Structures are given as C-alpha cells and as structure tokens.
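As the structure is a prediction and not an experimental result, all values here were calculated from the model.
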Amino acid sequence: MSANQLILKRTALGTTYLDLLDRSGFTLVDMNMIEPFYIDDKNHHPTSIVFERDSIMYAIRSDWTRTLLNFNNNYYSNETKFGYFGPVVREHESFYQAGVEIYKAGNQDIINALLMHIQFVENSTEDTIKTFVINNDQLLDLFIDKYKLSENIRTLVYSKNISELRRVLGTDHDLYKIISAKVSEQYEMIQQLFGDTEIMQLIERVKDVIKSQNKETKFILDLSFRSPQKYYNGLYFQAFLNANSPVLSGGQYNSSAFGIGLNLSDGGLL
C-alpha cells in the first residue's frame, strides 16, 4: 500500500468510525492539540511535551482519555458519552488515535461499547479478533483480602516473579498455582475462587460477548496483565487481530468511567 493510499484509508476509517459513534449517540469532540498543563497528566504520561507561554504552562496532547477527563471535570458537562478521532504526540512521535470515553458507565454500557467496537473492527477488516486478554486490578485485592497477603505481593504478581512467589507463598498456595499456570488456564482457576463476585461476573459477561462473536477467539484472563496507563484501576483489556499490537484496548478508570481506544497505526486495520 502506497503512502497516499495509507493516508486515504486511515482518513476514511476515521470518518466511518465517527459516523458510527454519531449514530450511536456519542458526542463527537475535536479539540486543540495544545491544552493547559496539569501535573496529573505528567504523572500518567511522563514523556508528554510541556512548554511555557506567557507564564502559563501548556502541554501537547498525548492522550485523549486525560484530555476528555480534564474537559469534563472543568466544564461539568452533562454529556456522558464522547467519541474522538485525532492526533496525539507521545515520546516525540505523532499518530492518530480514535476511541470513546463513557462516564457513569454501567456494566451494560461496557458490554455494548465492546460489542460495537469488535463488530466495527471485524466489519472493517473482514477478519476476526484472534486474542482477547483481560484483567481487573481489583482481583488482586480479593486475593490480598482472602489470604491476608502483604501489598508487596502486587509487584511479584505483575512482574511474574515465579521463584519469589514460590518462596513467599509456597507451592500449595492458590495464588502461586494460578500465576505459575498457563494463562489459558487462569480463568477457570480464578472463577472457582471468586466466581460469585461482581468483578468476575462482569468478566464472564465479557467472555460470553467475545465468544458469541467468534468461538475461535482466545479469551485469556491473565492476573499479571497490567495496563501501561496508570489511570486504569479496574477492568482492562486488549484485543488482537495479529501478533504485533492490540487493535482495541481500554478499561475502567476514575471509579465509574470506561474507555476504548482504536489503534489506527499497527493494529491490523490498515
């Protein structure tokens, strides 16, 4: 595909995506890439480009989620569903990002948004999601509470330090067994322990939606899987068309918000 064709296809995909969001009741936003600087943004994106102008600090947008969260907090918007397609600059590289943010998102809002995005990807590519990886940071809270574990266990789980987990917990501990097992086996093992919790019930609903679209999709619950974005603090997922980069990613943040990002660079859409 030539450079011209790539630009045209990306633009067409963005337009088609925004049209879908418009028809689905999302408020579309198009904001300036230069925005006021907030220290929380720097904490979440340490490579953001920040500069001063007339004694006021500004930043070049590096993430739409933080931009929209700041907008919603500052202007107390009554809207709860936002959609976007536009450039961001991260680590001195610019690229286009598309996605949605839903505030006051209930479980059905999450399911509906996931289903809409999966169908958009598969309709756009005539391909199916090969792998769907999910986790919820709150699952570790359940383990820590149930087994009276130290908070330090989080670092060992997220780094998959199997040898140290074995030393600290012993080979008979449920958490050690889960982390040392194949990721394809973790869902059933965690389901047996915490299947009656709201956390696992939502993950089960997501699994049912994924499998209803394509039974061949690998659905993986990985307790060590963690979002690269620090603001996610609940359910987090990535969906893959290929082995390179996720075509979809997102999750829960800020107590009751949920977002999905659509990869228009190397996720397999172009």
Side-chain angles (χ1 to χ4, degrees), residues 39-48 62-63 65-66 90-91 110 129-207 210 217-240 242-246 248-255 257-259 261 263 267:
I39 189 63
D40 282 348
D41 298 343
K42 194 66 175 177
N43 292 336
H44 290 299
H45 296 287
T47 61
S48 297
S62 62
D63 181 82
T65 297
R66 294 299 306 179
R90 195 178 299 160
E91 296 181 350
I110 293 172
I129 300 295
K130 301 297 188 298
T131 307
F132 191 97
V133 187
I134 195 170
N135 191 21
N136 189 321
D137 283 347
Q138 296 170 8
L139 281 174
L140 262 185
D141 294 336
L142 297 179
F143 278 96
I144 289 171
D145 182 62
K146 179 180 176 67
Y147 298 101
K148 309 303 179 188
L149 301 175
S150 165
E151 285 291 325
N152 295 333
I153 208 73
R154 296 182 190 276
T155 302
L156 300 182
V157 169
Y158 290 137
S159 63
K160 269 202 166 177
N161 191 335
I162 305 296
S163 60
E164 187 63 12
L165 279 169
R166 181 172 59 244
R167 187 189 70 80
V168 172
L169 301 175
T171 57
D172 292 330
H173 198 285
D174 288 329
L175 183 55
Y176 171 77
K177 290 179 180 179
I178 290 170
I179 296 300
S180 59
K182 296 178 181 178
V183 290
S184 59
E185 300 173 354
Q186 287 192 23
Y187 175 83
E188 295 297 336
M189 298 172 75
I190 298 173
Q191 181 75 354
Q192 290 178 13
L193 292 170
F194 300 113
D196 60 344
T197 64
E198 291 184 13
I199 297 170
M200 280 303 295
Q201 287 169 5
L202 176 56
I203 290 176
E204 184 175 9
R205 287 188 65 187
V206 172
K207 181 175 183 286
I210 302 304
T217 299
K218 293 181 181 177
F219 183 89
I220 297 172
L221 171 56
D222 184 355
L223 204 59
S224 67
F225 178 53
R226 236 196 153 185
S227 165
Q229 314 295 0
K230 295 181 180 179
Y231 47 74
Y232 288 114
N233 57 8
L235 178 146
Y236 177 75
F237 76 93
Q238 290 184 340
F240 294 82
N242 52 45
N244 297 325
S245 299
L248 296 171
S249 60
Q252 296 172 301
Y253 62 96
N254 207 37
S255 298
F258 178 77
N263 183 347

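- Side chain of Asn136 to backbone of Ile199: no donor-acceptor contact under 3.5 angstrom is found.
- Of the N and O atoms on the side chains of Ser159 and Asn161, not one donor lies less than 3.5 Å from an acceptor on the other residue.
- For the pair Tyr232 and Ser227, the tightest heavy-atom approach, listed with the atom from each and the gap, is CD1-OG, 3.0 Å.
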Derivation of the side chain to side chain contact (heavy atoms under 4.5 Å, CB included) call for Ile129 and Ile210: CA-CA 9 Å; Ile129 300 295; Ile210 302 304; 5.7 Å; no
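- From Asp174, atom CG reaches atom NZ of Lys146 across 7.5 Å, with rounding to the nearest 0.5 Å.
- A distance of 13.0 Å separates CD1 of Ile134 from CD of Gln186, quoted to the nearest 0.5 Å.
- Below 30°, between 30° and 60°, or above 60°: for Phe194 and Phe143 the angle between ring planes is above 60°, a perpendicular geometry.
- Rounding to the nearest 0.5 Å places CG of Leu139 at 11.0 Å from CD1 of Ile144.
- A heavy-atom distance below 4.5 Å is not found between the side chains of Phe219 and Thr131.
- Judged by distance alone, the side chains of Asp137 and Tyr158 do bring a donor and an acceptor atom under 3.5 Å apart.
- Note that the OG1 atom of Thr171 and the CZ atom of Arg166 stand 8.5 Å from one another [nearest 0.5 Å].
- By the 4.0 Å N-to-carboxylate-O rule, Glu204 lies too far from Lys207 to be salt-bridged with it.
- Using a 4.5 Å cut-off on side-chain heavy atoms (C-beta onward), Tyr176 and Ile162 make contact.
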Side chain to side chain contact (heavy atoms under 4.5 Å, CB included) evaluation trace for Lys218 with Lys130: CA-CA 6 Å; Lys218 293 181 181 177; Lys130 301 297 188 298; over 6 Å; no
Full working for side chain to side chain contact (heavy atoms under 4.5 Å, CB included) between Val183 and Val133: CA-CA 10 Å; Val183 290; Val133 187; over 6 Å; no
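- Taking all atoms of both residues into account, the shortest heavy-atom contact from Pro246 to Asn263 is O-ND2, 2.9 Å.
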Pair Arg154-Leu149, side chain to side chain contact (heavy atoms under 4.5 Å, CB included): steps then yes or no: CA-CA 10 Å; Arg154 296 182 190 276; Leu149 301 175; over 6 Å; no
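- Annotation: the span from Ser224 atom OG to Ile178 atom CD1 amounts to 11.5 Å, rounded to 0.5 Å.
- What you find for Gln138 and Gly234 is that their closest heavy atoms are NE2-CA, 4.2 Å.
- Side-chain atoms of Ser180 come within 3.5 Å of backbone N or O of Lys177 as a donor-acceptor pair.
- Ring centroid separation for the pair Phe240 and Phe132 does not come in under the 6.0 Å cut-off.
- Using a 4.5 Å heavy-atom threshold, the side chains of Tyr147 and Leu169 count as separate.
- Residues Ile110 and Gln252 approach most closely at CD1-NE2, 3.5 Å, considering heavy atoms.
- Of all the heavy atoms in Met200 and Gly195, the pair that sits closest is CB-CA, 4.1 Å.
- Taken from CD in Glu164 to CD1 in Ile153, the straight-line distance is 8.5 Å, to the nearest 0.5 Å.
- By the 4.5 Å heavy-atom criterion applied to side chains, Ile220 and Phe225 are not counted as neighbours.
- Counting only distance, with no hydrogens or angles, the side chain of Asn135 and the backbone of Tyr236 share no donor-acceptor pair below 3.5 Å.
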